[in-house]
Amino acid sequence: EGLFMVVVLYVDDLIITRNHEDWINQIKESMSREFEMTDLGLMHFCLGFKIWQEHDHTFISLAKFC
């Protein structure tokens, strides 16, 4: 069907990305019943990467280090 979700755990940060909006809400609701969580919204920086979203696209840059 072309649907996917990626869940990444790095130390105490959880990163979730997907191509289906409802999945994000379902997994956040499910996990918040088991764990104390804070939703920080869209990601802007992670491990030195600059990340931004425009329309239906996500961009990742390392320009800061080049």
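Side chains included, hydrogens not; waters and symmetry mates left out as well; all remaining heavy atoms used. Everything numeric in this text was worked out from a predicted model, so none of it was measured.
- To the nearest 0.5 Å, the span separating NE2 on His44 from CD on Gln53 amounts to 7.0 Å.
- With sequence neighbours excluded, the residues that form a salt bridge (Lys or Arg N to Asp or Glu O under 4.0 Å) with Lys28 are Asp39.
- Here the closest heavy-atom approach between residue Ile51 and residue Cys46 is recorded as CD1-CB, 3.9 Å.
- Scored by the side-chain contact (heavy atoms from CB on, under 4.5 Å) test, Glu54 finds Trp52, Phe59 as partners (sequence neighbours excluded).
- Hydrophobic clustering (ILVMFWY, side-chain heavy atoms < 4.5 Å, transitive): Phe35 and Ile24 are in one cluster.
- For the pair Met43/Thr17, no side-chain contact is recorded, criterion being any heavy-atom separation below 4.5 Å from C-beta on.
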Show me the donor-acceptor pairs within less than 3.5 Å that the side chains of residues 2-11 make with the rest of the protein, sequence neighbours left out.
none

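- Put simply, CD1 on Ile27 and CG on Leu14 are 7.0 Å apart, with the number rounded to the nearest 0.5 Å.
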